[in-house]
Structure formats: structure tokens, C-alpha cells
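The structure under discussion appears below in the form of C-alpha cells.
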Number of protein chains: 2
Amino acid sequence: MVGSSDDSDVIEQHAEEEMEKSRAASSPSLLGGSSRREGHSSTQSSHRLLAYSDALISIIATVMILPVAHTKVENSEELRQSLQLLLSAKIAVYLMTFLIVTVAWAAHIRLFQVIVRIDDCLALLNLACMMLITFLPYTFSLMAMFPQNILGMLLFCGCVMVIGIIQCVIVLYAFSRPFLLDEQIQISENQNFYRSHILKVIMRVPIMCFFAIIFSFIFFQLSYVLLAIVVFLPYISQTLKWCYGKAFGQVEESPDEVLFYTYLPSEPLSKERVEAFSDGVYAIVATLLILDICEDNVPDPAVVQQRFGGSLVAALQAYGPEYLAYFGSFATVGLLWFVHHSLFLHVTKATRLMGLLNAFSLAFVGGLPLAYQLTHEFPRNSRNELEAIQISCVIIFFAGIFQLALWVVALYNQRESLHPDVWYGGREHVFMLAKLALYPCVALGTFFLTCVLAEFSASIFHLMEITVPFAFLLLRLLVRIGLALLRLLFCPDRPDLRSMVEEDESRVSFNSVVT
Amino acid sequence: MVGSSDDSDVIEQHAEEEMEKSRAASSPSLLGGSSRREGHSSTQSSHRLLAYSDALISIIATVMILPVAHTKVENSEELRQSLQLLLSAKIAVYLMTFLIVTVAWAAHIRLFQVIVRIDDCLALLNLACMMLITFLPYTFSLMAMFPQNILGMLLFCGCVMVIGIIQCVIVLYAFSRPFLLDEQIQISENQNFYRSHILKVIMRVPIMCFFAIIFSFIFFQLSYVLLAIVVFLPYISQTLKWCYGKAFGQVEESPDEVLFYTYLPSEPLSKERVEAFSDGVYAIVATLLILDICEDNVPDPAVVQQRFGGSLVAALQAYGPEYLAYFGSFATVGLLWFVHHSLFLHVTKATRLMGLLNAFSLAFVGGLPLAYQLTHEFPRNSRNELEAIQISCVIIFFAGIFQLALWVVALYNQRESLHPDVWYGGREHVFMLAKLALYPCVALGTFFLTCVLAEFSASIFHLMEITVPFAFLLLRLLVRIGLALLRLLFCPDRPDLRSMVEEDESRVSFNSVVT
């Protein structure tokens, strides 16, 4: 039975990964013995430091949605107008923060893929780095509020330069104590080459910031352009290289250097850390909702006494839609996490490009608290309410579609990136597609419903959100029925169809059915 | 060289743990093969589900400090009076939430120590559970605002009962698919005994809540007492058992049942999850600070134009102390995490009691945003400012002292709970003591300084906070000098003291020096 052993394959593969990790962790005892006698502080596995950094960075990336969500939208104005105000500054701050923080996080991953063990000194240096990274959102707020003033830009560039210097210190420190490094570099002959290569890559961003500072005194619009280049540098350089290659013939690169500290979209990122970062974003988004509930929806005792005659139940009934909105939003965030979890269970290698798509998906997930605020803020059956629901649908749609795009990108290189189960033609392929397509479809369907049905309300929307989990439970059944119908349509001459579907549907692949 | 191989021991021990984990994860492929053919959805390693749950629970436990911290303390009143108002309701909500959520989390750990693999259905059930757990803080807010009204109590008990029912469903589901269970239970003969035992333990809390609901209609004060009992049930029952044992002779228990799903303080908790939970709390506390900065300290362009003549630098100078407060607080949170990280690097087994002490420490860490709000809220050199600093010192002191207590408790059973390095007499023993004692000592010293020096200000306090990291870097040196001095005092007749200290200080243990 080929099909039935696939589950154990997933688990075994995890086990193998962990074995490898533990092998990597235990190796320094062979190599680092001599250096440790020199009286350095004790070396440690870097696992927890990285988990903590992931948590910090994911929270800081997401939490900047709060100033957006807490902006009071006046009921009297049209939603569209006030949204334009919002869009102009705060959403830009949120998205820029998210992107810049994600770039900083990707750099952090690559740095600690080289430095695999830490000691007390590195831990403290890393904390200093984190302190400055968490300060970046504030500089963005300043930039958004005072776009004509160069102070925000100066502060931002100053922070980035200091972060760059700290990272250089980390690299120099780690290379002076080689037992902290990755085994491959530890045994390599030309450590100096590696060191200078890494330092060169790290210093690129601070140097661009230095130029941005200089330009900001002369012609400050140009410094914003430079900043945008910093974010998209890897992708711009890659596109240019690709165009160059197409125009003047392929440029050959040595294969062992290609995947080491480059900006290539196929450079591997630690899958574990991508998961940890995503978990952090999903967790903080889910809990921001209850925070708003706790701060805003506990009535004042005096008000309850005056307006509701002391009846707390009556007072809370006024908040009814908000509870529904909370449960609906939590279900949505939880299920988007669930889809992400199912997807990454079958991802064997995460690349930079997949990381970027994941970041886009997460940026939209981070927008959900805004959607929550909007949908319960407006009176029932107003035009604003419908528009708020449409915005929610757009946010959910893009969050889902980028997850789907991530999978599609992984499918292009499925032998390396994916578990055989979800390959094109694999056993779980159709089911995974259904899981990933569910939210974009639901969001799209709801969007069109709001255009057609005037009575569509936020309460109905949130009720729909709550019922989606049951769709997930039914999904496996639906996929099976769908496959059976397809089979019925395309091969109606098969003899005992029912029993065959029952028995080995799981082994028959999608393309063998439709072709 | 016994001493020099200790570092590698730490790493090897981690490696062994991970090996064991992976062995546990890979085992189902042998046992679960037959059940999987029945067409269940695919089984998965539960690692990421648990990490996500830890993140959610730690954030929800901590985030409830925000309503406390955001309570506006009037400058005209005395701090002490307004604090009494705060203390009466919001801090109580925060602490109760933290404790209840921690209890729920401990139950979650124990449940998923039995169920080691998940499938889609369990993942969705767990998300439903999480949704209700994140709703608990709101019921506490209601209870705090309307202590005379039973509605908050009813909501809380209702949530807890639903959570209990979902957990029972999870247990029943998992026992109907034994390949999801822990290997030890999988191969055991009396699975039914285990199932009924676990169900009994889980149902205890919902049943107490049921009684609390009934009592709330008759005499509602009693239901609060019942709730308090729920939180402290394990410790109360344990104390009673201990007293009973002392009074009437030892009650024998079968050793294999003792550490399985009990309320014993020595029952092991998953160390990995205790770390993940702590990381979540430290990360959210560190980032709440920058959130406040971003929301409150971006000046309005109109104000800048009017009051500061368009000079943004002048406007930001007014916020100077707040930036200092931010960096100081971040350094404190980061270093408390660092101490926690150093400690758990040497912990080999976490017990319930250690988990409780950890939760107390984290509850105080969660109070740091309050301390931050207080210290920068009052004008310089007012009496309120000094009191705010004292409150900060108290919070930091307790956060540190509970960490120290955790280590002391672990030392009582050091052979099982700790790595030999930090045993009494071990190589890193004194250094670990110094690390753990640093924050309580600094906090205590600062507290007395505020009593003596009238000029002590919040700025000085935050500057002190920022300098503490350097104390950590110097600590190893200081411990070495301290040991040398002790040696000089107690054994002044040793011949070549200097060289000996230099050479093998690391191997000479503390107690052999002082005795």
C-alpha cells in the first residue's frame, strides 16, 4: 500500500529533520573542545534565542495595525472619504513597517543560519539589536506624520546603521570563536572569505542608509526612493540579473556560492523560523480582538444604572454584534492559521520567494483587526456597513490568495519544496487545493453577495465566518464527492464505481481521473 | 578535564532530548499503520499546534495589563489614592486572569502530553478551545466592574464548562484513534482506565463551576470562594494530603500512577512549552512599550506648528524622558528574559511547582508596562515620581525573586531537575546565583536609594536600567574576583593564590572554597 504509508512519511520526515537538528547541535562537542578551555562563557543552542526574536519581530510587525484600527471613523462622513485619510498615512506606515521588519527578520535568519550556537555575549548583542528593531515603527510614524521633515528619516537611518554595526560586531565575534559557527564554515579552509562576504552583504543596507541621510539634506524625496530600494533590493537585483541573462546569454555562477548569503529568491530560509514568525502574527492578531473587547465593551456602572435601570443583561445586549464580530474574526484568524499549518506541514524547504509571499499574506492577516473595527462600527443597514464588509472580504481574499500563491510557487519546484503527498497528482493534492481555495472563494462570494443583496448585514457576515469551520470539516467529504462526480462525467463506463471510490479513492490521483 | 567538557554536556543533553522527541514522533508509523487505512485525515506532529496555543495563551494572559496601564492617573491626586482605586479592580482582574489562564494552560499541557499527535479534527477542536480561553478575560472584566451582578460569573462558568466539554470530546476522539496517543498508553492494556482517569480529572473543574453557578443564585459570595478554590485546588489538595499523611501516617501510592495526570507539585510539565509560554509573555511585554510610544508620542502637526514654531526636534525633546523610559524598560524585560533563558538552559525537568513559580514571576513581568506608564507620567521631582519608581522596583524585585525561588526549588531535587553544572558545588553554581540575584539586588538597592536621596529621578532610574546589561557582562569577572577574595579571607595560607585562581577557578566549587 503506497498510499497508506504517506502519513507516516510526513511524520518520519519531521523526525528526520529533528534528528538532523540534534546532530547539528551535538557536533560542536567534537570541534569546539579546544576553544572552550580558553575560559569563554558557555556556549548554548541558539534555538530559544531565535524563537524569542521571532516572537518579538512578529509582534512588532503586527501591532502597528492598532493605530490604524483605533482611528475613529466619523459616522457622519462617508466611509470612503475617511478611509482615504486613513490610507494616506497610517496604512502606509503599517505596510512599510511590516515590510521593513520582515526584511530585517530575513537578514536575522540568514545571520543565524551561519551562527548556529550562541554564548551570553551574543545573546546580549542580539537583544540590543532587537531593541533597535522594535524602535523602527516609531520612526515610521514620525515619517508619516511629518513627511516634509527629515527628522524621521534621520532617526530611521540612524537606527538601521546602528543595527548594521551591531550585526557586524556579532559576525566578527562569532568568527573569532569558530565553534559558534555552522559546521560547514567551521571546517572550511577559507573562513576569511566567508567572513568578508557576509560583512559585505550586511553593510550594504547601512551604506544605502548613509547615502539616504546625505541625500535627505539635499533633496529629501530621493531618500525615500533609496529606502524603497532597500526593501526591494533583492528582487530588483534579481530581476536585473535575469533580464541581463536573457539579453546577453546565461551568466554562469558557481553552484556552491549560489545559495549562500545571496539575494536569490531560491535561497533557503529556515522553515522552522518562518513557521514561528507566522505563528506570532496569527496569535497577536487573534488576541488584539479580545483586547479591544475588554477595553471598550465593559459598560460603566453609572451608565448601566441610568440608561438600563441597573440591568446588566440589557446593557450587554447593546454589544451583541460586537461579540459576534469577535467570534467571527477569531474563527477567521484561527482557520487561516489552520490552512497555513496544513500547508507548511507539507513544505520541506522554504525559499526567499515563498517567504515574501508568506509575508504578504501575513500583512493582510494583520489587517483583520481593522476589518473587525470597521464592521461593527457602523449602524445596521447603512451603506458604510456594506462597504466595511467589502473591505473585510478584500483583506481575507488577499490573505488567502497569497497562501495559495505560496503553494503554487512551491509546486514549480515540487521535488525540492514539497512532500510527495501534495505534488501535482499526489494523494492530498486536490484536498490541499480545496483547503487553500476555500477562503478566497468564500471572500469573493461574499463580496458579490454584498453587491447584490441590500439586506446583507455585518451580523450575517460574522455568522458566515463562524460557519466556515464546518465547511473545513466537510471539505474532505466534498472533495471526495467532487472527484466521484468528475469520474462519473469523464469515465461513465466504469463498472462498480461506488465501491471503487470508497476503497481506493485516496490512491487515485487527480490527473489520472480527469484525463 | 572534567570542567571543560560541561558545555558540551549541555548541548548533548539538548540533543538527546530532541532525539527522544523525534523518536516519539516517528513511532506511530509502526503502530498506527492499521488504523490509518480506515481513511482518517492525516496525522501530524502536534509541535506547531502547541507552539501556537502557547503564543495565544501567553499573549492573552499578559495583554490584560493594558487596561490597567491605560487607566489615567490624575496628576492632582496623590498617587497612592488613585492606585488604591486601580488596585481594587483592574489589577485584581489582571492577576486573576493571569492565574486562571495559567491553570488552563497547565491543563492544556497535560492533555497534550497524553495526545502526542493530531489530525485536522483535533486541530479545529483545539482552536475552538482557544477561542473560549481568550474570551475569559472579558468575563473577568465584567466581574470586576459589577461584582454584585452574577452575570460575569455565569458567563465565566459557562465558558469553563464548554471548554471542559470540548476537552472531553478531544479525549474521547483521541482514544477512539489510539495512534494519536502517547506510546506508553498506546501499548498499555488498560486504555479504558486511563481514559476514565483523564476524563475524571478534566471534569473536576467544570463540575465546580456548575456548583458555582448554582450557588451564585443563592449566595453569590460563595461562588467567588469556589472559583478561588479552582485555581488553588492542586495545592490545597496536596497540602491537605500532606497534613493527613503527617497526622495519620504515610499514605502509600503506587509509583506509576503518581506522576500521571495528578495535581502533585512534582508532576512534570513539558519544559519546551514552559519556555514557549515564557517567551510569549516576555515578547509581548517588550512590544507593548513601543506600542504606547507610537500611539501617544507622535506629536500633532498643528501643535508642532503653533507651540514649537514648526520645529519637530523641539517638539520631540519634550518626549525625551519617554524614550529613555522605553529603552530602560526594554533593557529590563530583555535581561529578565536573558536570566530566564540562562536558568532554563540548565533545567532538565520542569515540575508543576516550578511552573507555578514561573507563572508568578511572569505575572510581575507583565506588570512592567504599568511601571513604565507610572514612571514617565509624573512631573520631575514630585513625590509621585519617587513612589512610581518604588512601585517599579517592587515589580522588578518580585519578578527576579520568583526566578531565584524557581532555581532554589529545583536545587532541592537537583539530581533530577538540574544540569550538574549548576548543582550546589557545580562549576556554574555561583555564577548562576549571581545572575539570578542581580535584579533583586539592584531593585532593592534602588528602592532604598529613593528613600534616602530626594533628588533621585525617573531619568536616573532609567539610565540605571540601561547600564545593568554591562553589569551582566562584568558579572563573570566580578564572580571570579569575589571568589578570589573569599579564598583570600578563609584560606590565606595557600601558596600561589593568583595563578591558581586563574587556572582552575572554574573547577573549584563554591562550597569547597568557603568551608
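Each chain gets a letter, A, B and so on, in the order the sequences are listed, and its residues count up from 1.
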>> Shorter than 4.5 Å, heavy atoms on both sides: which option in B:Ser342, B:Ser141, B:Ala286 has the most such pairs with chain A?
In response: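 Of the options given, most contacts go to B:Ser141.
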
> Sequence neighbours excluded, which residues qualify as side-chain hydrogen bond (donor to acceptor under 3.5 Å, both in side chains) partners of A:Thr139?
Replying inline: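 Expected list: none.
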
>> Closer than 3.5 angstrom, by distance alone: can the side chain of A:Lys271 be matched with the main-chain N or O of A:Phe344 as a donor-acceptor pair?
In response: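 Indeed, once roles are kept as given, a pair shorter than 3.5 Å links the two residues.
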
Engaged part of [X] at the chain B interface, taking heavy atoms whose separation is under 4.5 Å:
X	result
A:Ile290	side chain
A:Leu49	both
A:Tyr282	both

>> Does the plane of the ring in A:Trp337 sit parallel, tilted or perpendicular to the ring in A:His341? Use 30° and 60° as the thresholds.
In response: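 Rings of A:Trp337 and A:His341: parallel, as their planes differ by under 30°.
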
>> List the residues meeting ring pair (Phe, Tyr, Trp, His ring centres under 6.0 Å) with A:Phe135, not counting sequence neighbours, and say none if there are none.
In response: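 Only A:Tyr138, B:Tyr326, B:Phe327 meet the ring pair (Phe, Tyr, Trp, His ring centres under 6.0 Å) criterion with A:Phe135.
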
> Looking at B:Ser46, B:Cys121, B:Ser53, which one forms a side chain to side chain contact (heavy atoms under 4.5 Å, CB included) with B:Asn126?
Replying inline: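 The residue from B:Ser46, B:Cys121, B:Ser53 that satisfies side chain to side chain contact (heavy atoms under 4.5 Å, CB included) with B:Asn126 turns out to be B:Ser53.
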
> Which pair of non-hydrogen atoms, one from B:Pro137 and one from B:Ile60, has the smallest distance, and what is that distance?
Replying inline: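 Shortest heavy-atom separation between B:Pro137 and B:Ile60 comes out as CG-CG1, 3.8 Å.
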
> Using a cut-off of under 4.5 Å for heavy-atom pairs, which of A:Val313, A:Leu335, A:Leu151 has the most such pairs with chain B?
Replying inline: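 Of the options given, most contacts go to A:Leu151.
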
>> Taking every non-hydrogen pair under 4.5 Å, which of A:Val333, A:Ile284, A:Leu288 racks up the most with chain B?
In response: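 Ranked by contacts with chain B, first place is A:Ile284.
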
>> Is B:Ile57 in contact with chain A via its backbone, its side chain, both, or neither, using a 4.5 Å heavy-atom distance?
In response: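 Neither part; nothing is under 4.5 Å.
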
> Which bit of B:Leu316 is near chain A, if near means a heavy-atom gap under 4.5 Å: side chain, backbone, both or neither?
Replying inline: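 Interface part for B:Leu316: side chain.
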
